[in-house]
Amino acid sequence: MPHDHSDHEHAHALLPSDPALRVKALETILTRKGLVDPAALDEIIDTYESRVGPKNGADVVARAWSDEGFRAALAVDATEVMRELGYYGRQGEHIVCTECTPSVHHMVVCTLCSCYPWSLLGIPPGWYKSDAYRSRAVREPRKVLAEFGVALPPETAVRVWDSTAEIRYLVIPLRPAGTEGMSVEELAKLVTRDSMIGTGLARVPG
Ligand code: FE
C-alpha cells in the first residue's frame with residue numbers, strides 16, 4: 001500500500017548514510033561542548049595504531065613459548081601478568097590466553113560488536129568488525145579459516161571464543177617447527193597479529 005510504503009522509506013531515510021560521518025559529527029559536538037580534547041583523541045588513536053600495534057601481544061606469545069613458568073602464570077591469571085609487563089590498559093582489562101595445541105585451534109570473535117584486546121594487539125582490523133566475520137566465525141569457522149589461508153589437519157578441533165567487554169582473548173598460536181634455540185626477540189618476529197586472533201598461524205622462520 002502506498003501509505004505503508006512511504007512510511008517504510010521514511011524510516012530508512014532516518015538511518016545515517018555513513019557511520020564515519022556520524023562519528024565525525026559526534027566528535028565535533030563533544031569537542032564544541034568541551035567534553036573531549038581532540039588532541040587527546042588523536043593521542044589515543046596514535047598510541048594503539050602505531051605505538052602498541054600487535055607487538056605487545058607478540059612479546060607475550062614469545063615469552064609463553066620460551067618459559068614454562070611464564071606460561072603457567074598466564075594460565076592462572078593472564079590479566080595479572082599483563083599488569084606486571086605493563087600491557088594492562090584500556091580495552092585490555094580482563095585478558096584470557098587460549099593456547100593452541102595440535103588437537104585444538106583457538107579463534108576469537110566478538111559476535112556482538114568488536115571487543116578486542118587493544119593493549120596487546122592495537123586497533124582491531126576492519127574485517128574483525130564486519131558482520132560477515134562476526135556471524136560466520138561461529139557458524140563456519142573452518143571455512144573462514146580457509147579464506148584466511150589457514151588449513152588445519154582434520155583431527156584439529158576449532159574452538160571459537162566470543163569476546164565481550166568483560167573478557168578479551170589472546171590466542172597463543174602453536175610454536176612453529178625449526179625455532180629451537182631462538183631468543184624471545186627473534187620468536188616475537190614470527191608472531192603475526194592474525195595468529196593471535198586465531199585467523200592465522202605463526203610464521204615459519206626463513
Ligand atoms: Fe564487542
Side-chain angles (χ1 to χ4, degrees), residues 19-20 22-24 26-27 30-31 33-67 69-100 106-130 133-134 137 159-173 175 183-200 202-203:
R22 224 185 155 190
V23 167
K24 192 71 215 156
L26 273 174
E27 190 185 334
L30 291 170
T31 305
K33 288 187 178 277
L35 295 171
V36 299
D37 173 6
L41 284 182
D42 288 346
E43 176 73 18
I44 291 168
I45 292 167
D46 183 57
T47 297
Y48 289 101
E49 214 165 53
S50 26
R51 273 175 280 155
V52 174
K55 74 177 172 51
N56 292 351
D59 178 46
V60 171
V61 171
R63 285 172 194 253
W65 284 346
S66 314
D67 179 346
F70 182 87
R71 199 165 166 159
L74 277 186
V76 174
D77 186 351
T79 309
E80 190 48 40
V81 176
M82 300 316 146
R83 221 188 285 273
E84 284 160 19
L85 289 172
Y87 298 161
Y88 178 84
R90 197 181 273 115
Q91 312 288 316
E93 290 91 347
H94 304 281
I95 302 288
V96 168
C97 294
T98 54
E99 196 182 333
C100 295
H106 298 286
M107 181 174 167
V108 182
V109 64
C110 174
T111 54
L112 197 62
C113 43
S114 57
C115 299
Y116 189 77
W118 285 32
S119 59
L120 294 166
L121 300 183
I123 303 249
W127 57 258
Y128 185 82
K129 301 184 265 186
S130 70
Y133 180 73
R134 284 163 41 213
R159 172 125 200 232
V160 181
W161 299 81
D162 194 357
S163 192
T164 62
E166 306 289 310
I167 301 179
R168 315 216 173 201
Y169 298 95
L170 180 78
V171 173
I172 309 289
R175 178 171 174 161
S183 68
V184 168
E185 292 72 23
E186 288 168 323
L187 288 169
K189 291 188 187 126
L190 305 174
V191 185
T192 62
R193 177 196 65 198
D194 289 5
S195 74
M196 294 182 279
I197 305 173
T199 51
R203 278 189 208 109

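All values reported here derive from a predicted model rather than from experimental measurement. By convention here, the first residue in the shown sequence is residue 1.
- Just one residue in the list Ile197, Ile123, Val109 forms a side-chain contact (heavy atoms from CB on, under 4.5 Å) with Tyr116, and that residue is Ile197.
- Considering only residues two or more places apart in sequence or on other chains, Lys24 meets the salt bridge (charged side-chain N to carboxylate O under 4.0 Å, His left out) condition with Glu27.
- Listed for the Arg168 side chain is no donor-acceptor partner under 3.5 Å among the backbone atoms of Glu93.
- For the atom pair Asp77 CG and His94 NE2, the distance stands at 10.5 Å (nearest 0.5 Å).
- Between Leu120 and Arg193, every side-chain heavy-atom pair lies at or beyond the 4.5 Å cut-off.
- Between the side chain of Ser130 and the backbone N or O of Arg134 there is no donor-acceptor pair closer than 3.5 Å.
- Going from atom NZ of Lys55 over to atom CG of Leu121 covers 12.0 Å, rounded to the nearest 0.5 Å.
- Side-chain atoms of Tyr169 and Cys110, non-hydrogen and from C-beta on, never get closer than 4.5 Å to each other.
- Ion pairing of Asp59 with Arg63 is present here, as a side-chain N (NZ or NE/NH1/NH2) and a carboxylate O approach within less than 4.0 Å.
- Closest non-hydrogen pair, Ala137 versus Met107, comes out as CB-CE, 3.9 Å.
- Between His106 and Trp161, the angle of the ring planes lies from 30° to 60°, which puts this pair in the tilted group.
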Could you tabulate the donor-acceptor pairs under 3.5 Å formed by side-chain atoms of residues 33-43, not counting sequence neighbours?
residue: Asp37; atom: OD1; partner: Ala39; partner atom: N; Å: 3.1
residue: Glu43; atom: OE2; partner: Arg51; partner atom: NH2; Å: 3.3

Set out, in order, the CA-CA distance, both residues' side-chain angles and the distance that settles side chain to side chain contact (heavy atoms under 4.5 Å, CB included) for Val60 and Ile95, then state yes or no. CA-CA 12 Å; Val60 171; Ile95 302 288; over 6 Å; no
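- Taken to the nearest 0.5 Å, the CE atom of Met82 stands 9.0 Å off from the OH atom of Tyr87.
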Could you please spell out the steps behind the side chain to side chain contact (heavy atoms under 4.5 Å, CB included) verdict for Val184 and Phe70? CA-CA 12 Å; Val184 168; Phe70 182 87; over 6 Å; no
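- Shown here for Met196 and Pro54, the closest heavy-atom pair between the two residues is CE-O, 3.4 Å.
- For the atom pair CD of Glu80 and CD of Glu84, the computed distance is 5.0 Å after rounding to the nearest 0.5 Å.
- Contact of the Val171 side chain with the Val108 side chain is registered, since non-hydrogen atoms from C-beta on lie closer than 4.5 Å.
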